[in-house]
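It should be emphasised that the depicted structure is a prediction, and the values quoted were computed from it without experimental measurement.
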Amino acid sequence: MIRSAHRTRRSRRAAGAAAVVVLALGGCSASGTDSAGDAPSGTLTVFAAASLKESFTALGERFEKEHPGTEVTFNFGGSDALAAGITNGAPADVFAAASTRTMRLVTDAGDTAGEPSTFARNRLEIATVPGNPHRIGSLRDLAAPGLKVVLCDRAVPCGAAARTALTADGVDLTPVSYEQDVKSALTKVALREADAAVVYRTDVRAAGDKVQGVQFPESAEAVNAYPIARLDNAPNPAAAKAFVALVRSPEGRAVLSEAGFSAP
């Protein structure tokens with residue numbers, strides 16, 4: 001939950017400066033900082049796109065085992081909402097977005113520590129109810145009369161990618177609802193509140209037998225790059241640096257690949 005949506009970036013800087021003065025006077029260092037080359041410790045807060053939930057949860061558990069004394073907390077959601085929280089002062093150490101456009105909202109505000117790096121890519125898939133009773137085989141089939149289709153909101157990366165793919169195939173589609181993130185769209189199908197949704201292939205895989213996936217060639221027109229970055233004024237910069245390194249490591253890429261992400 002974002003609890004500090006109205007804190008300004010200036011107030012974060014002021015708080016950070018005050019903390020430095022206190023530490024200097026006390027002759028000690030904060031837990032998790034890398035000023036003295038300490039190993040990561042303390043709580044690490046990661047804001048990540050909803051489609052990363054399964055893979056990042058697994059990486060968080062690995063991180064805690066590799067760095068005893070750390071605790072990783074996640075805020076998963078629509079990338080645009082997460083970016084807005086960060087630029088409005090929500091305390092976080094790492095941001096992983098589902099598109100470079102969304103990451104630019106944070107970098108343009110000066111809220112990243114260094115340049116973001118792409119760590120994975122993802123494609124879209126159609127999710128149908130198990131058995132695909134409506135025999136959906138292409139994007140054009142989603143425009144069939146009476147078919148209940150759900151899309152992600154246009155503002156979030158999965159929604160923008162879906163619109164790109166639909167436009168590429170010349171499909172004019174009015175969904176029954178727009179969802180705030182990809183997990184919400186997929187849930188509508190899993191609960192049979194919708195007949196189909198355009199989501200990421202990683203989410204179809206994570207859902208197991210709750211949905212059935214249908215691939216379509218237009219997904220090649222809307223491949224999303226996933227960037228990750230440490231955040232400026234991160235409460236735990238040492239742990240943030242180590243977590244980004246884990247995500248980009250061969251071990252991290254193996255976890256992402258198993259979830260269905262492709263290499264950057």
Side-chain angles (χ1 to χ4, degrees), residues 1-9 11-12 15-16 31-32 40-64 67 70-113 116-117 119-120 122 152-153 155-159 179-187 199-200 202-203 206 224 226-248 252 255-256 259 261:
M1 179 182 296
I2 299 174
R3 298 179 181 275
S4 307
H6 299 290
R7 289 178 56 199
T8 64
R9 189 164 176 262
S11 67
R12 285 187 291 142
S31 174
S41 62
T43 300
L44 170 71
T45 302
V46 179
F47 279 27
S51 49
L52 292 165
K53 184 174 182 179
E54 290 78 18
S55 53
F56 265 37
T57 298
L59 288 174
E61 293 172 354
R62 178 173 298 195
F63 186 86
E64 290 177 346
H67 303 285
T70 60
E71 179 182 358
V72 184
T73 62
F74 292 100
N75 186 356
F76 295 109
S79 294
D80 281 56
L82 297 176
I86 292 168
T87 57
N88 279 295
D93 299 295
V94 174
F95 179 42
S99 74
T100 54
R101 178 194 62 79
T102 309
M103 180 60 78
R104 278 197 299 272
L105 299 175
V106 179
T107 57
D108 287 351
D111 284 325
T112 57
S117 57
F119 65 93
N122 208 355
C152 295
D153 189 86
V156 297
C158 67
E179 300 300 319
Q180 292 303 307
D181 60 60
V182 69
K183 295 299 185 186
S184 299
L186 190 71
T187 297
V199 297
Y200 293 122
T202 54
D203 295 288
N224 274 19
Y226 281 58
I228 190 169
R230 293 181 293 120
L231 295 174
D232 188 36
N233 293 324
N236 196 340
K241 183 177 181 180
F243 185 80
V244 171
L246 173 61
V247 171
R248 299 183 61 196
V255 171
L256 292 161
F261 291 94

Verdict with reasoning, Thr112 to Asp232, per side-chain contact (heavy atoms from CB on, under 4.5 Å): CA-CA 5 Å; Thr112 57; Asp232 188 36; over 6 Å; no
Minimum heavy-atom separation for [X] and [Y], please, with both atom names.
X      : Y      : value
Gly78  : Val156 : CA-CG1, 4.2 Å
Ala239 : Pro40  : CA-CB, 3.9 Å
Ala50  : Lys183 : O-CE, 3.2 Å
Gly77  : Asp181 : C-CB, 4.2 Å
Gly60  : Phe74  : CA-CZ, 4.0 Å
Thr70  : Ser41  : CG2-CA, 3.5 Å

Taking Tyr200 for the side chain and Ser51 for the main chain, is one N or O donor matched with an acceptor at less than 3.5 Å? no
Using modelled atom types only, decide if a donor and an acceptor are shared between the side chain of Glu64 and the backbone of Val72 within a distance under 3.5 Å. yes
I want to check something: taking the side chain as every heavy atom from C-beta on, are [X] and [Y] in contact at a cut-off of under 4.5 Å?
X      : Y      : result
Leu82  : Thr102 : no
Arg62  : Leu246 : yes
Phe47  : Ser79  : no
Thr107 : Pro116 : yes
Arg101 : Asp80  : yes
Val94  : Ile228 : yes
Leu231 : Val106 : yes
Thr57  : Phe76  : yes

Once you round to the nearest 0.5 Å, how far does OG1 of Thr43 lie from CG of Asn236? 7.5 Å
Approximate separation, where rounding is to 0.5 Å, of Leu256 CG and Leu52 CG: 7.0 Å
Using ring centroids (six-membered ring only for Trp), state whether Phe243 and Phe56 fall under 6.0 Å. yes
Report, as yes or no, whether the 6.0 Å neighbourhood of atom CZ on Arg248 holds more than 12 heavy atoms from other residues, nucleotides or ligands. no
Can a donor-acceptor pair be found between the side chains of Ser184 and Thr187 at a distance below 3.5 Å? no
Partner of Asn122 under side-chain hydrogen bond (donor to acceptor under 3.5 Å, both in side chains), picked from Asn224, Thr202, Asp203, is Thr202
Should the pair Asp93-Lys241 be classified as a salt bridge under the 4.0 Å nitrogen-to-oxygen rule? no
